[in-house]
Amino acid sequence: MNPSRTRTFRAQDYDLGATLDSGQAFRWVLRDHQWTGVIATHWVSLLQTPDGIEAETGAPVEDWTWLEHYLQIGADLPKIVRTFPDDEPMRQAVAACRGLRLLRQDPWECLASFILSSSKQIVQIRQIVGVICERYGESIAVPGGGTPSFAFPTAQRLAQLSEAELRACKMGFRAPYLLETARIVAAGMDLEALHGKTVGEARQSLMALPGVGRKVADCVLLFAYGFQQAFPVDVWVMKALQQLYFPRRRVKLKRLHRFAESHFGPYSGYAQQYLFHFMRLRDKRGLAEESKK
DNA sequence: GCCCAGGTGAAGC
DNA sequence: GCTTCACATGGG
């Protein structure tokens, strides 16, 4: 096929906005109905259409497999949703988040981003990621006249920096974690090798890294490696499980993990993303209602 | 000023 | 094993 800068993907049941804005990835910006972001070294702009997604890139592309893979165009969403438990909370979440998908991201970018995510709001994670990309990422091709754009910095690049330089990117106490992890990866830890492991083994390898606990590890397992059983429990998912499944009884984290494993089926990670997004939507609406008063 | 954010690691029971 | 606390920074 001839190299081209545009391409159309046919896709049913795909809510691009919900997917790119649901706290999985931190580099997407909405402008004039188009989502603009960076995947590896590609500047990309995406537009939702009735039949699917129209993509534009900064440089001509011959093989579009990388984008199809990132967006998980081929995932059978109706089939996945049918495996969710048939209970009231999931019915509500599915109704509220129709077309929400899981992306398949680059392991290093996902790992580094989620090390920066701890105890931070999504807007702020975006901001920190933006700063490290501008300062330490390679410049990439953008359409004529566009503002400069940068790849996510490699582990090798970040490994050369000082802790002070990272702190200057507003990441606070996360700086030493990111720096140490970058140095371990730059020194030869093979992130690709985790693809061939079991969830448990892969999780152990990730949790051995500084700044990576159960929650960050599960995010990377789910959003980068496609382990559909990984079930990240952050404050929102904690709230969802507490309020929707265990009202008026405080349940400990360990128990919630066990509940999640047995209750949500083979695509529990997907179910988790629906609960997460559902809770955030509900919160936004709640605030909007309140400000009207 | 206050509380909270896609938490983790270390210290103290 | 568990619970508590410090850790930067900015949004609401």
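The sequence lines fix the lettering, A, B, ..., with proteins before strands; numbering per chain opens at 1.
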Distance in angstrom units between I125(A) CD1 and dC4(B) P, rounded = 18 Å

Contacts satisfying ring-ring contact (aromatic ring centres under 6.0 Å, His included) that involve residues 165-217 of chain A (not counting sequence neighbours) are H195(A)-Y225(A)

Close approaches to DNA chain B from residues 255-267 of chain A, in residue order (heavy atom, under 4.0 Å) | none

Quick one: L178(A) CG to dT8(B) P, roughly how many Å, whole number?
-> 15 Å

May I ask you to check whether F259(A) and F264(A) place their ring centers less than 6.0 Å from one another?
-> yes

L20(A) CG to dG6(B) P: how many Å, rounded?
-> 18 Å

What interatomic distance, in whole Å, is found between P of dA8(C) and the corresponding atom of dA11(B)?
-> 16 Å

Give the other cluster members for L16(A), using side-chain heavy-atom distances under 4.5 Å between Ile, Leu, Val, Met, Phe, Trp and Tyr residues; answer none if it is isolated.
-> F9(A), Y14(A), L20(A), W28(A), L30(A), W35(A), I39(A), V44(A), L46(A), I53(A), V61(A), W64(A), W66(A), L67(A), Y70(A), L71(A), I73(A), L103(A)

Could you tell me which residues satisfy side-chain hydrogen bond (donor to acceptor under 3.5 Å, both in side chains) with Y245(A), sequence neighbours excluded, listed by chain and number?
-> D87(A)

Of all residues at least two apart in sequence or in a different chain, which pass the side-chain hydrogen bond (donor to acceptor under 3.5 Å, both in side chains) check with D234(A)?
-> none

Go through the structure and list residues passing side-chain hydrogen bond (donor to acceptor under 3.5 Å, both in side chains) with R280(A), not counting sequence neighbours.
-> none

Whole-Å distance separating the CZ atom of F276(A) from the P atom of dA5(B) = 11 Å

So, F114(A) and dG6(B): ring centres less than 5.5 Å apart, planes less than 30° off, yes or no?
-> no

When we call it a touch if two heavy atoms are under 4.0 Å apart, what does S22(A) touch: a base, just sugar-phosphate, or nothing?
-> base

For nucleotides 11-13 of chain B, which of its nitrogen or oxygen atoms have a protein nitrogen or oxygen under 3.5 Å away, and what is each distance?
none

Counting only non-hydrogen atoms, which of residues 203-235 of chain A are less than 4.0 Å from DNA chain B?
-> L209(A), P210(A), G211(A), V212(A), G213(A), R214(A), K215(A), V216(A), F223(A), P232(A), D234(A), V235(A)

How close or far is atom C1' of dG6(B) from atom CD of Q272(A), stated in whole angstroms?
-> 8 Å

More than 12 non-hydrogen atoms from neighbouring residues, nucleotides or ligands closer than 6.0 Å to CZ on R98(A), yes or no?
-> no

dC2(C) versus dG6(B) - spacing of their P atoms, nearest Å = 26 Å

C1' gap between dA6(C) and dA5(B), integer Å = 16 Å

Rounded to whole Å, the CG-P distance (L116(A) to dA5(B)) equals 18 Å

When you check the gap from the basic side-chain N to the acidic O, do D13(A) and K79(A) get nearer than 4.0 Å?
-> no

Indicate yes or no: does R91(A) engage D86(A) in a salt bridge with an N to O separation below 4.0 Å.
-> yes

Mind checking what makes side-chain hydrogen bond (donor to acceptor under 3.5 Å, both in side chains) contact with D32(A), not counting sequence neighbours?
-> none

Separation of atom CG in L111(A) from atom P in dG7(B), rounded to whole Å = 16 Å

K120(A) vs I128(A), side chain to side chain contact (heavy atoms under 4.5 Å, CB included): CA-CA, chis, key distance, verdict = CA-CA 10 Å; K120(A) 272 286 177 203; I128(A) 300 169; 4.1 Å; yes

Protein-proximity profile, nucleotides 3-11 of chain C, B/S/- by nucleotide at the 4.0 Å heavy-atom cutoff, equals S---BBBBS

When you check the gap from the basic side-chain N to the acidic O, do R203(A) and D218(A) get nearer than 4.0 Å?
-> yes

Tell me: NZ of K284(A) to P of dG12(C), nearest whole Å?
-> 11 Å

Sequence neighbours left out, what passes ring pair (Phe, Tyr, Trp, His ring centres under 6.0 Å) with Y274(A)? Give chain and number order.
-> F84(A)

So which residues get pulled into V142(A)'s cluster when ILVMFWY side chains under 4.5 Å apart are joined, directly or through others?
-> V38(A), W43(A), I140(A)

